[in-house]
Amino acid sequence: MYWLPTLSVLAAVPFTLASPLAPRWDDLQVKHAWNTVPKNWECQGHPPEGTTIDLRIALKPDRENALVDTLYEISDPAHPKYRMHLSKEEVAELVAPHPDTLELVNSWLEHHDVPSSSVSPTHGGNWLTLVGVPVSKANDLLGASYQLYRHAETNDTVLRTIGYSVPAALHRVVQTVAPTTYFGSPQAMRRAMHLQPNATTLQDGDRELREAFANAKPGSAATVPASCATTITPTCVRALYNTAGYVPAATASNKLGIAGYLGEFANHADLTTFMNRFRPDAASATFPVVRVNGGGDDQTNPGVEANLDIQYAEAVSFPTPNTYWSTGGSPPFKTDSNTPTNTNEPYLDWLNFVLAGTSIPQTISTSYGDDEQTVPQDYATSVCNLFAQLGTRGSSVFFSSGDFGVGGGDCKTNDGTNRVQFDPAFPASCPFVTAVGGTIRINPEVAVSFSGGGFSNYFTRPSYQSTQVANYLTSIGTKNQGLFNPNGRGYPDIAAQAQNFQVVVGGSTISVAGTSCSAPTAAGVFSLLNDFLISQGKAPLGFLNPLIYTSTSASAFNDIKSGSNPGCGTQGFSAVTGWDPVTGLGTPDFVKLQAIV
């Protein structure tokens, strides 16, 4: 049985508003609270009088298992419904709350004089958005104490509460409320990449490398140029992952999307320069920028992360159309404004925008993440289920696995016990995304030491990976015992190169490392697989994991058998034959995957 967050089946415990036992709206029970103010955050006091906030309320569906059951049916190669993806309207029916739930929640909001005109449902009523709620009313509604908090290292300021409650009558129907206790910030939502100022850069491109590759025999390891061991270019990844011989044929309908946050802007001129230097046949490549929740498009301020993502996704998938989403909603909170234009919830802003569309790119890559323990579990579960909706609609969603091995910093838990424990990353730990770890070198590739990987403390191990993870745990015996959750979802799922990537920023080539390199590279490879399927009149892959964990798919990945991901004062985990929590199943071989799909 596949994992699903435990939800109450409303029909099993019916209620009616006509019941003589009317709900007590003052009977509040804690939904989530931190023991102390989250690490590195300092309380700055109450916001200015009259400040408002936009709230989102996630409601539990009437059919608790319907979404995930359907996702696994249409993602299982052995199931009759394999790749029979759903429309926006069909997904909305799966996640719709019981009608009584909406009546009960509306009654609660009416009790607190929240005008109906400020409430709008999304995702079939699964989420409610409350616009312009005075902070004082939000405090009453949620038994909260919203205050301004400043991050000690970045000086970013957010409006949050360290705890919130909902009436007892709503506990079984409300999944989460946001923003409340999720203290997301550019520091917490870490960009999984870093610069390599002392590494070799190819300012004039890689013409000799491209010519050598063009004269070699495609499809053999010997065709990977030796220089790829120290500098990675599109020629290298196309050779390593065997995509160079494929010419996309479904560019009218196949799409690839890159999700961007934190004021990171992808630069058009830099993409043109990059392609001229490293893939001249793709010099015409371009991309539209879609702005989400006030996201910008400052072409005078190119972002390293944004440029890395779009340059390698485009270089691998060209001429597949790419889209860059520029999502606003990141701090700082403007304390001189009584009506903030965002709620500082970038994941929710982006997911709500994309899921509201009638069509979604078949492949999506994201290179951002948090320490899982800094994300409230109710919030993480709700966001993870939105990623499940993307999969149900036919999208393959990739996330970088992070750059801190099994954990960065002191790895102490934030539950008040201060235990040292490996610190998994979210959303990579969500079982409904494909997490991408990192490798270095060639012939053979080995795990890069910073490759994020481990086991979730929130999400239990999904059955699609039960055999592989069990085999790994048996092989390591008592190593790292007590430092991780052996029953948790293991990640990453796959890997790709993650160091010495040549990226053009402001017209100059720089060297970049991180699993932010891995995610768009892998997404580009699988976007080509989607192109192949669509060109044959077939449905795209959608949620990948049940397919790639099958025994048939094992041979389609280059198994990474050496390297480790130290962290938390330990050597972390080691890469071994088969799946491991450093490089997953390995790096993709396009031609072998093409034969399987």
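To the nearest 0.5 angstrom, Lys60 atom NZ is 9.0 Å from Ser382 atom OG. Between the CG atom in Asp559 and the OG1 atom in Thr583 there is a gap of 7.0 Å [rounded to 0.5 Å]. Once rounded to the nearest 0.5 Å, the distance linking OH of Tyr324 with CD1 of Ile310 reads 8.0 Å. Annotation: the span from Leu386 atom CG to Asn352 atom CG amounts to 6.5 Å, rounded to 0.5 Å. Atom-to-atom distance recorded for Phe353:CZ and Asn293:CG is 10.5 Å, nearest 0.5 angstrom. The OG1 atom of Thr478 sits 12.0 Å away from the CG atom of Leu473 when rounded to the nearest 0.5 Å.
Smallest separation of non-hydrogen atoms from Val95 and Asn126: O-ND2, 3.3 Å. Val446 and Ser562 get closest at one heavy-atom pair: CG1-OG, 3.0 Å. In plain terms, the two heavy atoms of Ala266 and Ala306 that are nearest each other are N-CB, 3.5 Å.
With hydrogens and angles disregarded, a donor-acceptor distance shorter than 3.5 Å links the side chain of Asn35 to the backbone of Asp415. Ser518 contributes a side-chain N or O that, together with a main-chain N or O of Gly437, makes up a donor-acceptor pair within less than 3.5 Å. Judged by distance alone, the side chain of His171 and the main-chain N or O of Gln29 form a donor-acceptor pair under 3.5 Å.
Listed by chain and number, the residues in a ring pair (Phe, Tyr, Trp, His ring centres under 6.0 Å) with Phe426 amount to none (sequence neighbours excluded). Judged as a ring pair (Phe, Tyr, Trp, His ring centres under 6.0 Å), and not counting sequence neighbours, the contacts of Tyr472 are Trp579. Take Phe422 and apply the ring pair (Phe, Tyr, Trp, His ring centres under 6.0 Å) test, not counting sequence neighbours, and it matches Phe573.
Under 4.0 Å is where a charged nitrogen must lie from a carboxylate oxygen, and between Lys39 and Asp371 no such pair does.
For Phe543 and Phe387, the ring centers are positioned 6.0 Å apart or more. Remark: aromatic rings of Trp41 and Phe183 are close, center separation under 6.0 Å.
Under a cut-off of 6.0 angstrom, the local environment of CD in Gln571 is sparse, with at most 12 non-hydrogen atoms contributed by other residues, nucleotides or ligands.
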